[in-house]
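One is the number of the first residue; the rest follow in order along the sequence.
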Amino acid sequence: MNVNLNELEKKIKINFKNKDLLLKSLTHKSFNKENNYEKLEFLGDRVLGLIISKKLIEIYPNEKEGILDKKFASLVNKKTCLEIARKIELHRYILTFNMKDKKKVIEDKVLADSLEALIGSIYLEKGFNSAEKVILNLWSSHIKDSVITQIDAKTKLQEYSLKKFKKLPLYKLISNTGPRHKPLFKVGVKLIDTKLFVAEGKSKKDAEQNAAIICLSNIKNI
């Protein structure tokens, strides 16, 4: 086992007195069934949610709850956690069953979960204020991007279709290909008076969003 904890601490600007706690946040159950990051992930998810919720209310004091909820979901979902985990190269520090493999592959879910566990460990080690400081630093660009976040394409297309046709858009799963750990979904969507617009995504949900974007771009005067 050769994990450079000091290097990670420099990246997050936190010095742990309890190195075992930090190491636990990086330990997958495949490496240690009893002493792993699962409970820290549970805690970190709640800490992240609280801090992001607090920040959104500070930034958007007059925004409607529905819009805040959409912004919140985009900031705390696994996709955003994965992007941030990759940003700090968290894969270099995670302990899994394949540690001896120089070309070890860390699954996306493990990366995102471990980031939440890391947040949980920071909270236990340093408290709320330090956890808040780390999160707001790591999430800074994503929080800035939330300023221009609009209602997602699928919701917008649904509202348009209901208003004009009194019917929901029709989505159709065309294919699901690729390996299990890296699937590729192809989905089509159509309205009453349109052709089928097709798009791909790493999940069915992403493919539906992409198809809705294409459909919207082809509808005039929306």
Side-chain angles (χ1 to χ4, degrees), residues 41 44-87 108-109 111-113 115-116 119 132 135-136 138-178 180-222:
E41 176 205 342
D45 177 61
R46 275 70 185 170
V47 173
L48 173 62
L50 176 59
I51 289 170
I52 293 298
S53 297
K54 177 174 176 283
K55 187 63 178 179
L56 286 175
I57 289 176
E58 290 173 359
I59 299 174
Y60 310 106
N62 301 315
E63 191 61 90
K64 293 181 180 179
E65 185 274 336
I67 299 300
L68 287 177
D69 189 57
K70 291 181 183 297
K71 292 179 183 293
F72 173 82
S74 71
L75 288 169
V76 302
N77 63 26
K78 294 296 183 183
K79 181 180 178 181
T80 300
C81 287
L82 175 61
E83 290 175 4
I84 292 169
R86 286 174 172 165
K87 180 181 177 181
D108 289 352
K109 184 180 184 304
L111 270 174
D113 289 349
L115 179 66
E116 291 179 339
I119 290 169
E132 182 177 39
I135 288 171
L136 295 183
L138 292 177
W139 263 258
S140 60
S141 62
H142 289 81
I143 291 172
K144 288 178 183 177
D145 289 343
S146 76
V147 174
I148 58 173
T149 297
Q150 304 295 326
I151 295 176
D152 66 90
K154 193 174 177 182
T155 300
K156 189 174 182 181
L157 184 63
Q158 176 178 304
E159 291 175 350
Y160 171 81
S161 185
L162 286 172
K163 182 178 180 180
K164 186 169 184 179
F165 305 113
K166 303 296 187 288
K167 289 183 178 291
L168 291 169
L170 179 64
Y171 289 89
K172 180 182 179 181
L173 177 62
I174 297 173
S175 65
N176 178 4
T177 58
R180 188 173 181 180
H181 69 281
K182 195 176 182 181
L184 181 65
F185 291 83
K186 183 179 288 186
V187 169
V189 65
K190 72 182 300 295
L191 306 184
I192 296 298
D193 65 345
T194 72
K195 66 178 183 178
L196 188 70
F197 295 99
V198 179
E200 297 178 338
K202 294 181 180 179
S203 69
K204 184 180 178 183
K205 183 177 180 181
D206 285 346
E208 288 176 346
Q209 283 286 352
N210 293 334
I213 290 171
I214 295 173
C215 184
L216 285 169
S217 68
N218 282 274
I219 296 173
K220 295 180 180 180
N221 302 319
I222 187 169

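- Scanning all heavy atoms of the two residues, the minimum distance from F185 to A207 falls at O-CB, 3.7 Å.
- Taking 4.0 Å as the cut-off between side-chain N and carboxylate O, E65 and K71 do not count as a salt-bridged pair.
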Intermediate values then yes/no, side chain to side chain contact (heavy atoms under 4.5 Å, CB included), C81 and L48: CA-CA 10 Å; C81 287; L48 173 62; 4.0 Å; yes

Side-chain polar contacts of residues 198-205 - donor-acceptor pairs under 3.5 angstrom, sequence neighbours left out - could you list them?
unit_1, atom_1, unit_2, atom_2, d
S203, OG, D206, N, 3.1
S203, OG, D206, OD2, 3.4

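- Here the shortest heavy-atom pairing between C215 and V189 reads CB-CG1, 4.0 Å.
- A distance of 12.5 Å separates CD in Q209 from NZ in K156, rounded to the nearest 0.5 Å.
- Using a 4.0 Å cut-off between charged nitrogen and carboxylate oxygen, K54 and E132 count as a salt-bridge pair.
- Between E116 atom CD and I119 atom CD1 the span is 6.5 Å, to the nearest 0.5 Å.
- Salt bridge D113/K78: present, at least one basic N to carboxylate O contact under 4.0 Å.
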Stepwise side chain to side chain contact (heavy atoms under 4.5 Å, CB included) test for L157 and L191: CA-CA 9 Å; L157 184 63; L191 306 184; 3.9 Å; yes

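- For the atom pair K55 NZ and S140 OG, the distance stands at 10.5 Å (nearest 0.5 Å).
- The CZ atom of F197 sits 9.5 Å away from atom CG of L216, with the distance rounded to the nearest 0.5 Å.
- Contact check for I51 versus W139: no side-chain heavy atoms found under the 4.5 Å cut-off.
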Show the atom names and distances, to 0.1 Å, of all donor-acceptor pairs under 3.5 Å that link a side chain in residues 161-176 to residues at least two apart or in another chain.
unit_1, atom_1, unit_2, atom_2, d
S161, OG, K167, O, 2.5
K164, NZ, Y160, OH, 3.4
K166, NZ, K163, O, 3.4

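- Note that CD1 of I135 and CG of L75 are 11.5 Å apart. Values are rounded to the nearest 0.5 Å.
- Side-chain contact between N218 and T194 is absent, with no heavy atoms from C-beta onward closer than 4.5 Å.
- Within the 4.5 Å cutoff, the side chain of D108 has no heavy atoms near those of the K79 side chain.
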Full working for side chain to side chain contact (heavy atoms under 4.5 Å, CB included) between E63 and L56: CA-CA 9 Å; E63 191 61 90; L56 286 175; over 6 Å; no

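- In this structure, D193 CG and I219 CD1 are separated by 7.5 Å, a value rounded to the nearest 0.5 Å.
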